[in-house]
Amino acid sequence: MPAVSRKKQKPITDSTGWTSVEVIGAREHNLKNISVSFPRDQLVVITGISGSGKSSLAFDTIHAEGQRRYMESFSAYARGFIGNLERPDVDKINGLSPVIAIEQKTTSRNPRSTVGTVTEIYDFFRLLFARASEAYSYLTGEKMTRQSEEQIVDSLLTLHTGKKLTLLAPVVKGRKGHYRELFQQIRKQGFAKVRVDGQVQDLTPKMQVDRYKIHDIEIVIDRIVADPKDRARIGQSVNRALKEGKGILQVLDESNNLYYFSKFLMDAKTGLSYDEPAPNTFSFNSPYGACPVCNGLGEIQEITEESVIPDKNLSISRGGILPLGEYRDIWIFKKIEAILKRYNCTLSTPIKNIPAEVLKILLYGDDVPVAVPSVKYPGTEWNTRFEGIVNFLEKQREEGSENVKQWVEDFTITRTCPECKGARLKKESLHFRIDGKNIAELAEMDIRQLTAWMENLEDRLSEKQRIIAAEVLKEIRKRTGFLLDVGLDYLHLNRPIKTLSGGEAQRIRLATQIGTQLTGVMYILDEPSIGLHARDNTRLIQSLKSLRDLGNTVLVVEHDKEMMLEADYLLDIGPGAGRHGGTVVAQGEPENFLKQNSPTALYLKGERKIPYPKARRTGTGKKLVLLGATGHNLKNVDIEIPLGTFVCVTGVSGSGKSTLIHDTLFPVLMQHFYNSRTEALPYKKITGLEHLDKVIEVDQSPIGRTPRSNPATYTGVFTDIRDLFAQLPEAKVRGYKPGRFSFNVKGGRCETCQGGGLRVIEMEFLPDVHVLCETCKGRRYNRETLEVRYKGKSIADVLNMTVEEAVVFFENHPRIVRKIKTLDDVGLGYISLGQHATTLSGGEAQRVKLATELAKRDTGKTMYIFDEPTTGLHFQDIEHLLNVLQKLVDKGNTVLVIEHNMDVIKAADFIIDLGPEGGERGGTIVATGTPEEVAANPHSYTGQYLLKELS
């Protein structure tokens, strides 16, 4: 083992006594027994080509050991519930602080998780509104008031001096029932009169009202004359009325005018009262605040007539009702036939000619029995009720199996909730305001607008509000400031976390961590610059430095040139990927690092460059034109995409790139080519679709959320491999079919881990931990299945092969090798065929998808859409990827890429640059044309950085 050169000890500044972190003998995954040290309390960047072992060192060694040591600090009793964490394959780590990992992959898929809830800004706003807001009536818009007993008595004596008044305590408001027991109880308390539905009546024995009508009942507490001399008596009566009316009092004067008073918030005109506001009144995750129709989601899932019957020109027998398909001799068609017969229609009648009321019965059912002739007993009929197709689908959505629920999803449309209009809260909660704004309006502002609204807010508040709000506003301002610092000023608090890119979600967690103001911690980040425009990179680097300056070690796995040059220390892992990597090829402070000749250093010095074409393609001469896109922040955007070219969509973060391409153009293309039900955001018109014949989107979403998913299953090559194993003589003798070699079904798999190779240990307050199955040792299969071998390798050995090895191993099987070769072509030769999908980075998952699509036959009229394909890619890998993309375009296809990486942008044939800023200040086209034309545009931020690259 190589010796570690220990730096000369600096004065000890913390309890560990170490000035550097020393990792000795790391062998996790492809690391080749490396020993490395880097300074503590510094910004350290680990770089290297994809798959070289950066994450193995940062996350699987340093972070895993930090987490294990944290678990070791628990008592033996607590550890008994949790289980022991596997020790990473490393001899020793010295100088390790408590470790916090801020990864890309931990994005929540929960629709209730928003930017506001994750950053806690929304929680502080809930507290602010519960304590300092003013309530307004949703009936009259009047400001609501609350009064103490003393104030109520004063009001009666002041406003109604000398008048005869009746004090009433409301006990029933707008409810059905006979209320015999209630009247009996009121009599026992000594009251003689009640007011029922506006009429004062004497209480009589066995008194009751019509149980099927809605009633208002008040107890007549006292009849008084509003005279200051009787103040004591009036005070006692008001006290009793408020007690019986649970804080509400009604006063009836001689002219039968009714006045309302309350200890709680109340509208004096209508008597409408609200409960006292609490923080959960403003929470869309609580039944006390959530809109009752959408349960706080802001949108509802509906099965509509349009989604069930997309084409009314078809008849029912021809498949006009989509969930039923074409006519078959089954029970439901017989029921429908019987209903249609009753109204002189048949299954062959075009749906547009079926009367609306009959269609309503077919969709929503009715209570009239349907007589269906019996096949088994001719001459008899079955009388049955028809529940309706929509009702049946709704029932299956609630109670069906997972597969059935998935099927019902195809007929479901997501709509904005009609009750709360997407605000997520009930109407009472939306009528509490501060400075004229309710909490939902603030949650819809982007961070920049919100910060502007909070400027000098205290000047617009009352003295009482100012005192209450002081501390809360300080916390909110601090947190919004951190979001501004990491370049997320274009997000709004209501934005669901699941719609964020990996980089955005990571920067939100980074902002949250800066807000905790912890010191003496090691933060490990995984490419925080993803999705960030070159203009905003400086702010991110500054945030990481501020985290370092608090007294923390910041360890960043990164490929960004600017981040590397700004680091205090650099580690380059390589030289290749997979088994060709796993060693430290260069390290040191940036000045020393650049003197070394590692692949990264050569690119940083400019000695190696990613080439770009000097001549730009003009394409086929045909164009795809999208007009009038207005979704989210887009401002009536028109774009022309020249087909047969490499097109790059650029712009600062939040300028509307994903809205334009992912949420508008892609759904339109999917609807046209595949009858997709995905709704596109608003646009006016699209032309040029006839020049394309299919569309393929390759995004960064994971290829699977469980360890069962892997590159072999995703690309479909595993099916061919299982077929090959089933054809082997040994398999045929044993009677094994392809299913025997599947780890997802009983038979051949290990039943302890059910073919997962890993067992999940659920941690109560930490993410679930996966540990190796003790029975199969991670091989997924039982002993009998593993005895079947091809060229001396079992099915488990094949899954453990790298893509590079598999290309050679299956060279005599063209069908298999064609799919595996495409994985190698996109630079994934280092991953194993059976690598768990959960361990793939966003960039790797995207390239697995790309390889899957490349393995299919292309037509030369395909549009490929990529969302930041350079995620997780080193300069060398980007060069490799660009070659693959350029080959696609050379065949006549169109490649459309959303990207911030300048090496990709300068290689494009045509650029569409959005901006000028993010959020509301974005959403317009700033520049279009070749890279040279965009670089010459002084208004384009992308152009400014492109000019430096091209020169």
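Here the structure is a predicted model, which means the values were calculated and not measured.
Using a 4.5 Å cut-off on side-chain heavy atoms (C-beta onward), R616 and F910 make no contact. Counting heavy atoms from C-beta outward, T304 and R415 have side chains that approach closer than 4.5 Å. Annotation: side chain of M670 is not in contact with side chain of E697 (no heavy-atom distance under 4.5 Å). P916 places none of its side-chain heavy atoms less than 4.5 Å from the side chain of H939. Side chains of L627 and T687 form no contact here, defined as non-hydrogen atoms less than 4.5 Å apart. In this structure, Y683 and L634 have side chains that are not in contact, with every pair of non-hydrogen atoms separated by 4.5 Å or more. A 4.5 Å side-chain heavy-atom check between L491 and L500 finds at least one atom pair inside the cut-off. Between T862 and T894, every side-chain heavy-atom pair lies at or beyond the 4.5 Å cut-off.
Legend: salt bridge (Lys or Arg N to Asp or Glu O under 4.0 Å) pairs involving residues 639-649, not counting sequence neighbours, sorted by first then second residue: K623-E640. Pairs of residues two or more places apart, or lying in two chains, that qualify as salt bridge (Lys or Arg N to Asp or Glu O under 4.0 Å) and include a residue from residues 819-841 are D720-K819, K821-D825. Evaluation of the salt bridge (Lys or Arg N to Asp or Glu O under 4.0 Å) test over residues 641-663, restricted to residues two or more places apart or in two chains, returns none. Residue pairs satisfying the side-chain hydrogen bond (donor to acceptor under 3.5 Å, both in side chains) criterion with at least one member in residues 643-654, sequence neighbours excluded, are listed as follows: T650-D913. Listed by first and then second residue, the side-chain hydrogen bond (donor to acceptor under 3.5 Å, both in side chains) pairs involving residues 624-638 are N636-K684 (not counting sequence neighbours). Sequence neighbours left out, the pairs with a member in residues 915-926 that pass side-chain hydrogen bond (donor to acceptor under 3.5 Å, both in side chains) are R535-E917, E917-Y941. Annotation: salt bridge (Lys or Arg N to Asp or Glu O under 4.0 Å) contacts involving residues 869-880, sequence neighbours excluded, are absent.
Under the 3.5 Å distance criterion, the side-chain polar atoms of H836 are left unmatched by any main-chain donor or acceptor of R708. Side-chain N or O atoms of S951 include one that pairs as donor or acceptor with a backbone N or O of L947 at under 3.5 Å. Side-chain N or O atoms of Q886 include none that pairs as donor or acceptor with a backbone N or O of N883 at under 3.5 Å. A distance-only check finds a donor-acceptor pair linking the side chain of E868 to the backbone of G531 [under 3.5 Å]. Between the side chain of K54 and the backbone N or O of I49, at least one donor-acceptor pair lies under 3.5 Å. Checked by atom type and distance alone, the side chain of Q301 never pairs as donor or acceptor with a backbone atom of T412 at under 3.5 Å. The backbone N or O of L532 sits nowhere less than 3.5 Å from a side-chain atom of S529 that would complete a donor-acceptor pair. In this structure, the side chain of N893 engages the main chain of G860 through a donor-acceptor pair within 3.5 Å. Put simply, the side chain of S307 never gets that close to the backbone of I303: no donor and acceptor are under 3.5 Å apart. Remark: side-chain polar atoms of Q846 are paired, donor with acceptor, to backbone N or O of D867 under 3.5 angstrom.
Taking K352 as the reference, N313 meet the side chain to side chain donor-acceptor pair (under 3.5 Å) condition, with sequence neighbours excluded. Residues passing the ring-ring contact (aromatic ring centres under 6.0 Å, His included) test with Y830: none are found, sequence neighbours excluded. With sequence neighbours excluded, the residues satisfying side chain to side chain donor-acceptor pair (under 3.5 Å) with H580 are E804. Partners of E811 by side chain to side chain contact (heavy atoms under 4.5 Å, CB included), not counting sequence neighbours: none found. Contacts of E853 classified as salt bridge (Lys or Arg N to Asp or Glu O under 4.0 Å), with partners at least two apart in sequence or in another chain: K856.
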Item to complete: Give the C-alpha distance, both sets of side-chain angles, the deciding distance and a yes or no for side-chain contact (heavy atoms from CB on, under 4.5 Å) between M564 and E558.
Response: CA-CA 8 Å; M564 291 188 217; E558 187 57 273; 5.6 Å; no
message: Set out, in order, the CA-CA distance, both residues' side-chain angles and the distance that settles side-chain hydrogen bond (donor to acceptor under 3.5 Å, both in side chains) for T47 and H874, then state yes or no.
response: CA-CA 8 Å; T47 188; H874 186 264; 4.6 Å; no
Residues H691, L624; criterion side-chain contact (heavy atoms from CB on, under 4.5 Å); working and verdict = CA-CA 8 Å; H691 307 310; L624 182 69; over 6 Å; no
| Would L665 and I641 satisfy side-chain contact (heavy atoms from CB on, under 4.5 Å), going step by step from the backbone distance to the final call? | CA-CA 11 Å; L665 178 64; I641 299 168; 3.7 Å; yes
| side-chain contact (heavy atoms from CB on, under 4.5 Å) evaluation trace for V904 with F646 | CA-CA 10 Å; V904 175; F646 181 9; 3.9 Å; yes
Residues S315, S317; criterion side-chain hydrogen bond (donor to acceptor under 3.5 Å, both in side chains); working and verdict: CA-CA 5 Å; S315 65; S317 61; 3.1 Å; yes
Decide side-chain hydrogen bond (donor to acceptor under 3.5 Å, both in side chains) for E899 and T870; before the verdict, give the C-alpha distance in whole Å, the side-chain angles of both, and the deciding distance to 0.1 Å. CA-CA 8 Å; E899 191 51 270; T870 58; 2.9 Å; yes
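For D699 and K849, the salt-bridge test passes: some basic side-chain N is under 4.0 Å from an acidic carboxylate O. E305 has a carboxylate O that lies under 4.0 Å from a charged side-chain N of K312, or vice versa, which qualifies the two as a salt bridge. The pair K609-D903 fails the salt-bridge criterion, with no side-chain N (NZ, NE, NH1 or NH2) lying under 4.0 Å from an Asp/Glu carboxylate O.
For CD of Q406, the number of neighbouring non-hydrogen atoms (other residues, nucleotides, ligands) closer than 6.0 Å is 12 at most. Atom CZ of R815 sits in a sparse spot, with 12 or fewer heavy atoms from other residues, nucleotides or ligands closer than 6.0 Å.
A perpendicular orientation is assigned to the rings of F810 and H813, their planes being inclined by more than 60° (bins at 30° and 60°).
Geometrically, K605 does not engage Y603 in a cation-pi contact, judged by NZ or CZ lying under 6.0 Å from the ring centre and within 45° of the ring axis.
Closest approach of T416 and G422 over heavy atoms only: CG2-N, 3.6 Å. Scanning all heavy atoms of the two residues, the minimum distance from D693 to T859 falls at OD1-OG1, 2.9 Å. Nearest heavy atoms, D446 versus Y490: CB-O, 3.5 Å. Looking at every heavy atom in both residues, R539 comes nearest to D489 through NH2-OD2, 3.5 Å. Closest of all the heavy-atom pairs between V668 and A680 is CG2-CB, 3.7 Å. Scanning all heavy atoms of the two residues, the minimum distance from T664 to P682 falls at CG2-O, 4.4 Å.
The CE atom of M563 sits 11.5 Å away from the CG atom of L565 when rounded to the nearest 0.5 Å. The line from CZ of F809 to CG of L833 is 10.5 Å long, rounded to the nearest 0.5 Å. Put simply, CG on D536 and CZ on R507 are 8.0 Å apart, with the number rounded to the nearest 0.5 Å.
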